[in-house]
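Side chains included, hydrogens not; waters and symmetry mates left out as well; all remaining heavy atoms used. Both counts, for ligands and for their atoms, begin at 1 and track the order of listing. The structure presented is a predicted model; accordingly, all values stated were derived computationally and were not measured.
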Amino acid sequence: MDFSAEMFKSIPSLVRRHYKAGELNWPMGIYISLVHVVAAVGLTYVPSASSKTLLFSLVLWWISGLGITAGVHRLWSHRSYEANFIVRTWLMLANSIANQGSIYHWARDHRVHHKHSETEADPHDATRGFFFAHMGWLFLKKEEAVIVAGRELNFDDLKADPVVMFQKKLDPWFALYMCYVMPAQVASYFWGEDFWTAFFVAGAFRYCVVLHFTWLVNSAAHLYGDHPYDPLSYPAENTIVSLCAVGEGWHNWHHKYPYDYAASEFGVTSQFNPTKMFIDMCAFFGMVWGRKRATKAWALGKARRERDEKAGIPPPVAPPRPWEKKKLV
Ligand SMILES: [Zn+2]
Ligand SMILES: [Zn+2]
């Protein structure tokens with residue numbers, strides 16, 4: 001597929017066009033660029049990091065990943081289960097290590113994304129191509145349609161949660177501390193790692209990698225994979241994204257049934273989903289309850305589809321993908 005070559009070739013002209021139109025989001029663009037520069041420095045520190053620091057970086061990937069998947073995504077954006085104060089506080093701290101904006105703002109953008117997927121009002125509309133859906137959207141000012149859509153939704157549930165509002169009040173300083181400085185303090189205090197080595201490896205480098213793993217859900221899992229549940233939608237079932245994003249790549253199911261706490265049809269033995277395991281473990285200890293599932297709704301949908309097939313009604317035709325349209329924006 002010449003889509004990726006096409007995509008990279010088109011970036012300079014897109015930047016020029018958006019620059020001339022005054023559409024660049026300079027503060028966020030500079031921040032994201034700096035994150036990558038500091039992460040590149042972090043990469044040069046990897047060979048000198050101790051095995052404990054490398055293992056710690058891996059663990060922080062999973063912990064911060066859960067702060068996104070089990071936390072701001074499945075709990076706060078979709079309310080697919082309920083959690084007590086201890087779990088919510090742990091998830092808020094884990095979410096701060098991921099440093100992807102406050103829970104409040106992330107959940108707001110995400111609810112808009114679901115309500116207006118692949119339209120002008122979708123913050124990371126995948127019909128604009130892989131790069132835009134992945135990270136390009138952060139370099140541009142928000143479309144008016146996205147802002148209006150955000151204003152139309154209700155966020156009283158988030159405002160009513162003191163854990164969410166505590167983090168929002170301290171944003172971005174607390175998240176920056178938890179993301180960059182805390183890992184360095186832990187590694188230097190507990191196993192005597194050099195502060196800056198841990199800062200650059202377990203902080204900066206790990207952060208940037210996890211950012212890309214999360215962004216893959218919006219890019220790769222909206223463009224590549226199967227569509228067994230909703231052939232008309234872009235979101236797809238993508239195993240590689242699930243491996244990167246602690247079980248968040250079963251995206252065709254998730255967009256069809258966003259209230260399902262497992263964000264996938266099957267159990268953890270057939271679909272990689274550590275986030276489901278985490279939520280189930282918390283439920284086992286009585287700290288999580290009200291886990292919603294969509295398997296019954298899907299059984300009805302499947303029966304309807306089989307009826308249509310028998311009656312000779314043709315299956316719906318999938319919408320064109322960006323590389324078929326040959327027009328990137
Ligand atoms: Zn999505
Ligand atoms: Zn979602």
Is a donor on one side and an acceptor on the other found under 3.5 Å between the side chain of Trp250 and the backbone of Phe272?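 Checking the backbone N and O of Phe272 against the side chain of Trp250, a donor-acceptor pair under 3.5 Å is found.
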Where the side chain of Glu23 meets the backbone of Leu140, is there a donor-acceptor pair that is under 3.5 Å apart?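 No, because the side chain of Glu23 does not come within donor-acceptor range (under 3.5 Å) of the backbone of Leu140.
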Vertex the Zn ion (ligand 2), rays to NE2 in His254 and NE2 in His78 - rounded to 10°: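 An angle of 100° at the metal.
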Contact check, side chains of Ser117 and His255, non-hydrogen atoms, under 4.5 Å: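 Contact flag for Ser117/His255 side chains = yes.
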Would His255 count as a contact for the Zn ion (ligand 2), in the sense that one of its N, O or S atoms lies under 2.8 Å from it?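 Of the N, O and S atoms in His255, none lies under 2.8 Å from the Zn ion (ligand 2), which means no.
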Is the terminal nitrogen or CZ of Arg291 (NZ for Lys, CZ for Arg) located under 6.0 angstrom from the six-membered ring centre of Tyr81 and within 45° of that ring's axis?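 Relative to the ring axis of Tyr81, which defines the angle, Arg291 lies outside at least one limit.
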Does NZ or CZ of Lys168 lie under 6.0 Å from the centre of the six-membered ring of Tyr104, at an angle within 45° of the ring axis?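 Yes.
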Between His222 and the Zn ion (ligand 1), is there a contact where an N/O/S atom of the residue lies under 2.8 Å from the metal?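 It does: His222 brings an N, O or S atom closer than 2.8 Å to the Zn ion (ligand 1).
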Output yes if His114 passes the N/O/S-under-2.8 Å test against the Zn ion (ligand 1); output no otherwise.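 Checking His114: none of its N, O or S atoms is under 2.8 Å.
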Name of the His73 N, O or S atom nearest the Zn ion (ligand 2)?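 This turns out to be NE2.
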